[in-house]
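Here's the structure we're looking at; comments come further down.
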Amino acid sequence: MILQRTRPPLLETPFEVFDRSVFTPNDQFYVRWHWAVIPTSIEVAKFRLIVHGQVETPLSLSLEEIVGLPRVELAAVSQCSGNSRGYVLPRVAGAQWSNGAMGNAKWTGVRLKDILDRAGVKAGAVQVRFNGLDEPVVEGAPDFMKSLDIDHARDGEVMIAYAMNGQQLPLLNGFPLRLVVPGWYSTYWVKMLNDIEVLAQPDSNYWMKTAYTIPDTPYANVTPGQTGVKMVPINRMEPRSFITNIQNGASFAAGSPTLARGIAFGGDYGVAKVDFSADGGKSWQPAQLGQDEGKYSFRQWETYFTLAAKGNHSLMVRCTNSKGEAQPGNANWNPAGFMRNVIETTAVTAA
Amino acid sequence: MLTSILRLGLLLGVALLPLTVWAQAAPALKSVSVDLPAGVQMFPGGTAADPINNNCLACHSADMVLNQPALSKAAWEAVVKKMINVYKAPIAEADVPPIVAYLATTKGSAGE
């Protein structure tokens with residue numbers, strides 16, 4: 001893992017991991033915590049998930065009860081809002097992630113809807129707020145909490161996961177329970193989830209109202225220094241794609257076919273197509289897609305290309321999702337360095 | 001016949017539902033205990049680093065700060081103010097200018 005910060009932990013997945021499998025191994029899955037007070041011991045028998053607020057019957061559920069509920073499984077990408085921030089120009093403060101603040105796993109758990117139905121959501125509920133066991137070091141600092149609109153929370157896809165890739169969650173990935181919000185940035189995927197509160201008014205806590213907000217513009221893009229822009233909570237992800245088997249500066253024999261392969265994801269829609277360019281985006285060829293693991297998963301792709309002329313070349317890859325949304329040719333910019341999804345370019349040489 | 005209908009249903013279920021529903025028992029969860037590293041590395045720079053070492057390391061390790069890009073003094077001032085006003089870092093007012101100065105020197109941008 002790439003150590004971005006020791007305490008609270010920020011660990012990045014080394015990029016070569018994405019070349020090996022469509023699913024990211026648990027012990028190589030990126031980690032991001034906001035506050036340094038993280039329980040280092042969790043006793044299964046004592047843990048409770050409470051559900052309260054605008055509900056008919058407040059709940060206090062043991063892990064045994066939760067695991068006993070109807071079980072669902074879903075492949076989904078978890079990606080940090082600030083993934084790739086290290087490439088944002090002009091540079092911005094924050095974790096200087098390369099492209100490894102993301103991962104793809106098979107999540108196993110229960111539908112959030114089933115838990116909410118069990119509690120009985122009262123009329124007038126507008127949002128559901130999620131809180132985990134982590135706490136700020138200093139009293140009075142804002143506890144990390146995130147909220148979803150009630151209809152989103154009850155869509156049957158948002159889930160409470162107790163396993164990833166067939167194993168219980170590692171502690172740093174949120175043991176014992178983590179919210180999984182398919183297609184949305186992982187700021188909403190609250191780890192060590194132990195508190196669900198149904199709200200009668202929109203959540204105005206710091207982590208919804210101020211932090212993790214984006215300009216309400218296409219690609220969340222603004223000009224550096226631009227003011228007076230409406231800000232909204234970050235939400236759905238956008239398509240991205242990467243070459244995983246060729247690094248910047250690689251050299252190939254001119255005239256011989258070469259394999260390019262990688263991963264793509266469509267954000268909140270599935271991958272419709274992946275196109276590859278060996279001439280800096282002047283012409284594109286469709287890549288062959290690998291097995292479909294579900295619309296929220298990474299999708300592997302591969303294609304062959306030939307560099308006819310000796311010299312420098314730019315390889316590019318572009319994902320289009322099933323909503324018809326494609327990666328842009330120009331990088332976005334916003335003060336927090338969120339939602340980067342520009343078409344990636346790999347500089348190579350033919351000799 | 002019944003078996004084949006069930007098979008068909010299963011196939012359709014898997015194909016149509018984004019979530020796959022399992023009937024078998026889930027794995028038992030086991031209690032977990034881990035040791036997390038303390039992250040005790042100090043900010044380098046001798047006495048000039050004393051204010052940042054004394055005030056900032058309670059909440060976070062130094063490594064991510066030292067990995068930040070060069071930022072203007074104004075940008076560093078905004079970061080320190082955010083730590084105080086939003087994240088409630090108990091930093092004495094007298095320590096703010098030397099912390100900002102340390103960051104602007106160590107991680108400052110040319111021409112500011």
Side-chain angles (χ1 to χ4, degrees), chain A residues 3-10 35-36 38 40-47 63-64 66-74 86 88 90-96 108-109 111 136-142 156-157 159 162-163 166-172 175-176 182 206 210-211 294-296, chain B residues 13-42 55-72 74-91 103 107-109:
Chain A
L3 182 65
Q4 292 280 359
R5 186 175 66 196
T6 309
R7 174 177 49 89
L10 296 184
W35 293 119
I38 302 167
T40 53
S41 260
I42 307 265
E43 268 191 66
V44 167
K46 288 188 182 163
F47 180 90
L63 287 170
E64 197 180 0
I66 292 166
V67 169
L69 291 171
R71 180 184 176 197
V72 292
E73 187 170 85
L74 174 79
V88 169
R91 304 284 298 269
V92 295
Q96 299 299 302
T108 309
R111 291 184 194 88
V137 177
V138 183
E139 203 179 327
E157 287 194 338
M159 65 186 275
Y162 48 75
Q167 304 289 321
Q168 67 180 32
L169 300 163
L171 183 132
L172 283 181
F175 183 83
Y206 168 75
T210 307
K295 67 180 193 173
Y296 299 115
Chain B
V14 170
L16 295 177
L17 289 171
L19 293 170
T20 311
V21 181
W22 259 261
Q24 76 254 37
L29 301 180
K30 293 191 183 119
S31 297
V32 167
S33 197
V34 302
D35 284 323
L36 296 179
V40 292
Q41 177 204 2
M42 306 285 275
N55 284 286
C56 302
L57 294 178
C59 288
H60 60 77
S61 53
D63 39 12
M64 183 175 130
V65 181
L66 294 168
N67 286 336
Q68 290 302 295
L71 300 174
S72 68
W76 278 121
E77 195 152 26
V79 170
V80 174
K81 294 275 188 220
K82 179 178 167 183
M83 294 294 156
I84 296 169
N85 295 329
V86 181
Y87 299 139
K88 307 298 176 193
I91 301 175
L103 291 165
K107 289 281 158 187
S109 55

Checking [X] against chain B: side chain, backbone, both or neither under 4.5 Å from a heavy atom?
{"X": "A:Ala95", "answer": "both"}
{"X": "A:Glu139", "answer": "backbone"}
{"X": "A:Leu10", "answer": "side chain"}

B:Lys30 versus chain A, heavy atoms under 4.5 Å apart: side chain, backbone, both or neither?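 For B:Lys30, heavy atoms of backbone and side chain both lie under 4.5 Å from chain A.
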Is the closest side-chain heavy-atom distance between [X] and [Y] below 4.5 Å?
{"X": "A:Ser41", "Y": "B:Val32", "result": "no"}
{"X": "B:His60", "Y": "A:Pro8", "result": "yes"}
{"X": "A:Val138", "Y": "B:Tyr87", "result": "no"}
{"X": "A:Leu172", "Y": "B:Leu36", "result": "yes"}

Test log, rule side chain to side chain contact (heavy atoms under 4.5 Å, CB included), inputs B:Leu29 and A:Tyr162: CA-CA 8 Å; B:Leu29 301 180; A:Tyr162 48 75; 4.2 Å; yes
Main-chain N/O of [Y] paired with [X] side-chain donor or acceptor, under 3.5 Å:
{"X": "B:Gln68", "Y": "A:Gly94", "value": "yes"}
{"X": "A:Arg7", "Y": "B:Ala58", "value": "yes"}
{"X": "B:Ser61", "Y": "A:Arg5", "value": "no"}

For the candidates B:Leu66, B:Val65, B:Leu57, which exhibits the highest count of non-hydrogen atom pairs separated by less than 4.5 Å from chain A?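 Most heavy-atom pairs under 4.5 Å with chain A: B:Leu57.
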Option that, when pairs with chain A are counted at under 4.5 Å, heavy atom only, ranks first among B:Ala78, B:Cys59, B:Gly39: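 Among the listed options, the one with the most contacts to chain A is B:Cys59.
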Nearest 0.5 Å please: distance from the OG atom of B:Ser31 over to the CZ atom of A:Phe175.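 Rounded to the nearest 0.5 Å, the OG-CZ separation comes to 6.0 Å.
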Between B:Asp35 and A:Thr40, does a side chain to side chain contact (heavy atoms under 4.5 Å, CB included) hold up when you go through it step by step? CA-CA 7 Å; B:Asp35 284 323; A:Thr40 53; 5.9 Å; no
If every non-hydrogen atom of B:Ala28 is compared with every non-hydrogen atom of A:Gln168, which pair is closest and at what distance?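 Heavy atoms only, the tightest pair is O-OE1, 4.3 Å.
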